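The chain is numbered in sequence order, starting from 1. Read the numbers this way: they start at 1 and go in the same order the structure lists the ligands and their atoms. In this text the structure is predicted, and so the values were computed from the model without any measurement.
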Amino acid sequence: MTLPKKVKIVEVSPRDGLQNEQQLVSAKLKIELIDLLVDAGVRYIEAGSFVNPSWVPQMATSDAVFRGIKQRQGVTFSALTPNLQGFNRAMAVNVGEVAIFTTVSESFSQKNINCSVDQSLKRFTPVLKAAADKDIPVRAYISCVAGCPYEGNIDPTKVAELAARLSEMGCYEVSLGDTIGVGTPGNISRMIEKVAEKISIQNIAVHLHDTYGQALANIYASLLMGVSVIDSSIAGLGGCPYVKNSQGSTASGNVATEDLIYMLNGLNIQHGINLEKIVEAGRFISKELERSNGSKISIALT
Ligand code: HMG
Ligand code: MG
């Protein structure tokens, strides 16, 4: 098992991070955050989502965010689009890349996108057709790959089959989401092994929440298996509003980009991000949101 020399980091804080905040964040602040991320060297940023604003009001400003972003050479700004309506909204503000999202869990699918898994794939068909017509790359997410808050354990074979379908439909990358952060290096590795039997390891990304403190260990296990695309979020912001724990609060804590960068530096894996600057970006947004910073590295470097 060898580690990749270089990885792509998908920064999801403006979307996954801010969708889960109680407060509404202005488009202006989101754009300031995005500018700091770009300045720190981030080259792929999920900047918003074009979902129903009554479902996720925090993302209602995504149109304004994309209108306000300064486009830069070599930087991709992407957005979630759950259906053709969302895709058309994204195209109206010149989004360069989109992501569709589904899951292996029928219960989570109903709660998150109000349809079955099969129906979600039917909704994506026109999105993928329209995207292909416009040469827009489409990424896919599969949520709850290591466990579901409503259905418990998830069979990795189901994850692999869904990844294969999304890939066949035209998604260039499938991001495997441990939405509730229950995975450990053992079951995450076994799940990736199954998925890699169906799609190339180059087309697999990992999106690992840190709810149980396992995210970095799970990323290390993924890197050892050849995964070279990692989703993360500064200050550990984020979570899905449609995942509730037994206390009723929503799932939280993406792996913090700062902590990921520190680990990658130690492993001598290239990523293109400046640690000090990304720490500053995390501190900036934590201060603005008046919340504690979820990055251990940021706290250690104080
Ligand atoms: P629906 O209610 O089934 O949709 O929602 P519908 O087609 O029946 O339409 C109902 C109404 O919604 C209509 O308006 C539509 O116009 C409107 P009305 O006629 O009643 O006034 N509508 C829209 N409006 C704006 N933009 C749109 C749109 N689509 C319909 N795109 C839908 C289906 C999927 C839209 C809804 O369930 C939804 O928006 N869900 C949001 C889910 C979400 O954003 N979840 C968080 C992201 S996923 C996640 O966090 C996991 C991830 O991070 C990975 C991981 O961590 O594992 C990706
Ligand atoms: Mg997420």
Side-chain angles (χ1 to χ4, degrees), residues 10-21 46-63 66 78-93 95 98-105 108-117 119-124 126-127 130 138-150 154 159 162-163 166 171 173-183 188 191 205-211 215 218 229-234 236-244 250-257 294:
V10 173
E11 173 63 41
V12 296
S13 55
R15 193 278 306 169
D16 197 330
L18 299 180
Q19 78 181 7
N20 206 34
E21 286 297 311
E46 198 169 78
S49 69
F50 295 91
V51 299
N52 186 337
S54 62
W55 279 60
V56 187
Q58 293 88 340
M59 291 292 111
T61 49
S62 293
D63 310 71
F66 275 91
S78 70
L80 292 189
T81 55
N83 52 19
L84 192 58
Q85 191 175 342
F87 180 81
N88 289 337
R89 283 178 58 206
M91 292 305 102
V93 289
V95 175
V98 298
I100 54 175
F101 52 104
T102 186
T103 175
V104 266
S105 153
F108 179 65
S109 186
Q110 291 294 347
K111 289 211 160 40
N112 194 40
I113 48 176
N114 206 22
C115 65
S116 69
V117 175
Q119 281 164 340
S120 76
L121 298 181
K122 286 199 183 87
R123 275 183 192 169
F124 298 150
V127 175
V138 183
R139 187 175 205 247
Y141 282 98
I142 303 178
S143 293
C144 299
V145 296
C148 168
Y150 312 105
I154 293 292
V159 181
L162 187 54
L166 290 162
C171 301
E173 190 168 282
V174 180
S175 179
L176 304 172
D178 181 8
T179 318
I180 54 170
V182 288
I188 292 289
M191 183 270 303
V206 287
H207 179 109
L208 303 167
H209 285 249
D210 199 34
T211 326
N218 291 340
V229 186
I230 305 162
D231 300 0
S232 65
S233 176
I234 52 166
L237 289 173
C240 178
Y242 296 99
V243 171
K244 297 261 196 296
T250 55
S252 61
N254 274 286
V255 65
T257 309

Closest protein heavy atom (residue, atom, distance) for atom 57 (O) of ligand 1
Thr179 OG1, 2.5 Å
Hey, does Asp178 come in under 3.5 Å of ligand 1, counting only N/O atoms on both sides?
no
Not counting sequence neighbours, which residues clear side chain to side chain contact (heavy atoms under 4.5 Å, CB included) with Asn88? List them please.
Leu84
Say whether Tyr141, considering both its backbone and side-chain N or O atoms, lies within less than 3.5 Å of an N or O atom on ligand 1.
no
Just checking, is any N or O donor in the side chain of Ser49 or Gln19 under 3.5 Å from an acceptor N or O on the other one?
no
Does a donor on one side chain and an acceptor on the other come within less than 3.5 Å for Ser233 and Asp16?
no
Are any non-hydrogen protein atoms located under 4.0 Å from atom 29 (N) of ligand 1?
yes
Tell me which protein heavy atom sits closest to atom 24 (N) of ligand 1, plus the residue, atom name and distance to 0.1 Å.
Gln85 NE2, 3.3 Å
Atom indices of ligand 1 within 4.0 angstrom of Phe50 heavy atoms, with elements
26 (N), 27 (C), 31 (N)
Under 4.0 Å from ligand 1, counting heavy atoms only, is it the side chain of Val51, its backbone, both or neither?
both
Within the 4.0 Å heavy-atom cut-off, what Arg15 brings close to ligand 1 is side chain
Any idea which atoms of ligand 1 are less than 4.0 Å away from a heavy-atom of Asn112?
37 (O), 40 (N), 41 (C), 42 (C), 43 (C), 45 (N), 46 (C), 48 (S)
Check: Ser232/Thr257 side-chain N/O donor and acceptor closer than 3.5 Å:
yes
Environment of the Mg ion (ligand 2) in terms of protein N/O/S atoms, cut-off under 2.8 Å:
Asp16 OD2, His207 NE2, His209 NE2
What residues form a ring-ring contact (aromatic ring centres under 6.0 Å, His included) with Phe50, not counting sequence neighbours?
Phe66
Can you confirm whether something in the protein, heavy atoms only, sits under 4.0 Å from atom 38 (C) of ligand 1?
yes
At under 4.0 Å between heavy atoms, is it the side chain or the backbone of Val12 that contacts ligand 1, or both, or neither?
neither
Per-atom contacts of ligand 1 with Ser143, taking only distances under 4.0 Å to non-hydrogen atoms:
51 (C), 54 (C), 55 (C), 57 (O)
Check: Ser49 N/O within less than 3.5 Å of ligand 1 N/O:
no
What protein heavy atom lies closest to atom 35 (C) of ligand 1? Include the residue and the distance to one decimal.
Asn83 ND2, 3.7 Å
Does ligand 1 have a heavy atom under 4.0 Å from the side chain of Met59, from its backbone, from both, or from neither?
neither
Out of all atoms in ligand 1, which are within 4.0 Å of some heavy atom of Arg123? Include the element for each.
3 (O), 33 (C), 34 (C)
Please assess Ile113 against Asn83 for the test side chain to side chain contact (heavy atoms under 4.5 Å, CB included), listing each intermediate value before the final yes or no.
CA-CA 10 Å; Ile113 48 176; Asn83 52 19; over 6 Å; no
Determine whether a donor-acceptor pair (N or O, by modelled atom type, separation under 3.5 Å) exists between the side chain of Asn218 and the backbone of Gly183.
yes
Taking 4.0 Å as the limit for heavy-atom contacts, which would you say applies to Asn52 with ligand 1: side chain only, backbone only, both, or neither?
both
One finds that the ligand 1 atoms under 4.0 Å from a non-hydrogen atom of His209 are 56 (O)
Quick one: list whatever passes ring-ring contact (aromatic ring centres under 6.0 Å, His included) with Tyr141, sequence neighbours left out.
His207
Taking only heavy atoms of Gly86, which atoms of ligand 1 are found under 4.0 Å from at least one of them?
31 (N)
Specify side chain, backbone, both or neither for Ala99, according to which of its non-hydrogen atoms lie closer than 4.0 Å to ligand 1.
neither
In ligand 1, which numbered atoms sit nearer than 4.0 Å to a non-hydrogen atom of Pro53?
24 (N), 25 (C)
When you measure from atom 50 (O) of ligand 1 to every protein heavy atom, which one gives the shortest distance, and what is it?
Gln19 NE2, 2.8 Å
In terms of residue, atom name and distance, what is the protein heavy atom nearest to atom 1 (P) of ligand 1?
Asn114 ND2, 3.6 Å
Examine the proximity of ligand 1 to Gln110 and report which part, side chain or backbone, both or neither, has a heavy atom under 4.0 Å away.
neither
Counting only non-hydrogen atoms of the protein, does one fall under 4.0 Å from atom 19 (O) of ligand 1?
no
